[in-house]
Structure formats: structure tokens, C-alpha cells
Amino acid sequence: RRIEAVTAEGAEDFVYAQQDLIRELRSLMNNMPNLAQAMKKSIEENAEMKKQIEDYIREKSMRLKEEIVAKASESNGIKVMQFVGKANADAMKNVAFQIKAETTDSFVFVAGIIDDNKCTLMLMLSDDLVKEGLHAGKIVKEAAKHIQGGGGGQPHFATAGGIAVGAVKEAVGVQ
């Protein structure tokens, strides 16, 4: 075993550094007398807020999914669902997989997500379209050229990222 120790001036510096850290933490917590209790309360409040945010995002995703499904069009017996706009990419991925779980018909879901000066394309295909030979990864890779990016993925789900935000509608196929 190995034992490490700090002695003399090093020990004093270590103690002073610890005292400075405690003062700084106390200052951050509005000089609460019981620092440990204040930090515990802050951590608990943070966890509760995270849970509320997750619930809000989940609820918003459900409403967005319902909107997308309601606005779906049909082309050659295939349900086509599109979305273009600002959104959280993870939330949109959840929407895509919810649509897949709830839709038994042939469908294509394509999303163009805009985030500041970046954009993301997302494509989900129904299982029967994949069996017919379509491959979401190959399709999204071609569409990514419109947004000056690249991507790929699995036969049923793929994503791509790019920088040409103005070309997202064209990449998604929205007029």
C-alpha cells in the first residue's frame, strides 16, 4: 500500500485552499449556515426540475406526433409524414419511433430539424418498405447533399447533419 501525506507549508496551503473552497461554496449558496443541507436541497430541486422538463418534452412530443400524423398525405398507398422546423433531435427521434410503433400501414416519416446554423435530416421507413428494398441510410445520405452534409444509418431509420439550413425544405421534399 502507498500512503501519501502533506506536511509543513504544504499542509497549511492545503487547509487554506479547502477553507477558500468552502467560503466560495457558501457564497454560491447565499451564505447558508448549513452548507451541506443547502447543497442537498439544491440537488433535490435540480432533480425535480429535470423530471418536470422531461415530462414537458414527452408531452410536447406526443402533441407533435399527433399533429404530424394528422397532416399526413398519401402517395401510391404510402402514408407520407413530414416535419420541418425547430425541434430537439432526440425528441424527434422518439416521435419517429412512436410513429413506427403505432402505424401499421406503409409509411415514410421525414423530418428536417433546424437548430441555429445547423440542420438534421431524419428518415423512418415502415418495415414493408424496407422489405421491398428501400434503405433509409442510403436515401438520407443522398438527401444530405442538399444540406451540405452527410449521414447514414440503418435500413429503417437514418439521420444526417449539415450546414445549409436554407435547403432543409428541399431536402425533406416540402414545397
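A salt bridge links Arg58 to Asp55: at least one charged side-chain nitrogen sits closer than 4.0 Å to a carboxylate oxygen.
Under the side chain to side chain donor-acceptor pair (under 3.5 Å) criterion, Asn88 pairs with no residue, sequence neighbours left out. Partners of Glu59 by salt bridge (charged side-chain N to carboxylate O under 4.0 Å, His left out), not counting sequence neighbours, listed by chain and number: Arg63.
Donor-acceptor pairing under 3.5 Å is recorded for the side chains of Asp128 and Ser126.
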Might you work through the side-chain contact (heavy atoms from CB on, under 4.5 Å) test for Met29 and Leu35, ending with a clear yes or no? CA-CA 7 Å; Met29 302 306 282; Leu35 183 59; 3.8 Å; yes
Does Arg26 form a side-chain contact (heavy atoms from CB on, under 4.5 Å) with Ile22? I'd like the steps, not just the answer. CA-CA 6 Å; Arg26 223 181 228 129; Ile22 291 170; 3.9 Å; yes
Test side-chain contact (heavy atoms from CB on, under 4.5 Å) on Val108 and Leu123 and set out the steps. CA-CA 7 Å; Val108 171; Leu123 178 64; 3.7 Å; yes
Would Asn117 and Ile163 count as a side-chain contact (heavy atoms from CB on, under 4.5 Å) if you check the C-alpha gap in whole Å, the side-chain angles of each, and the deciding distance to 0.1 Å? CA-CA 6 Å; Asn117 54 356; Ile163 57 171; over 6 Å; no
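Residues in residues 36-46 take part in these side-chain hydrogen bond (donor to acceptor under 3.5 Å, both in side chains) pairs, two or more places apart or across chains: Asn34-Gln37. The side-chain hydrogen bond (donor to acceptor under 3.5 Å, both in side chains) pairs that include a residue from residues 6-20 are Asp20-Arg23, where partners are two or more places apart or lie in different chains. Residue pairs meeting the ring-ring contact (aromatic ring centres under 6.0 Å, His included) criterion with at least one partner in residues 87-139, sequence neighbours excluded, are Phe97-Phe157. Screening residues 64-77 for side-chain hydrogen bond (donor to acceptor under 3.5 Å, both in side chains) gives Lys65-Glu102 as the qualifying pairs, with residues at least two apart or on separate chains.
More than 12 heavy atoms of other shown residues, nucleotides or ligands fall within 6.0 angstrom of atom CD in Gln52. Within 6.0 Å of atom NZ in Lys118, 12 or fewer heavy atoms from other residues, nucleotides or ligands are found, so the atom counts as exposed in its surroundings. Environment of CG in Asn31: crowded, with over 12 heavy atoms of neighbouring residues, nucleotides or ligands closer than 6.0 Å.
Rounded to the nearest 0.5 Å, atoms CG (Leu125) and CD1 (Ile139) are 5.0 Å apart.
Proximity of Ile99 to Met81: side-chain heavy atoms (C-beta onward) are separated by under 4.5 Å at one or more points.
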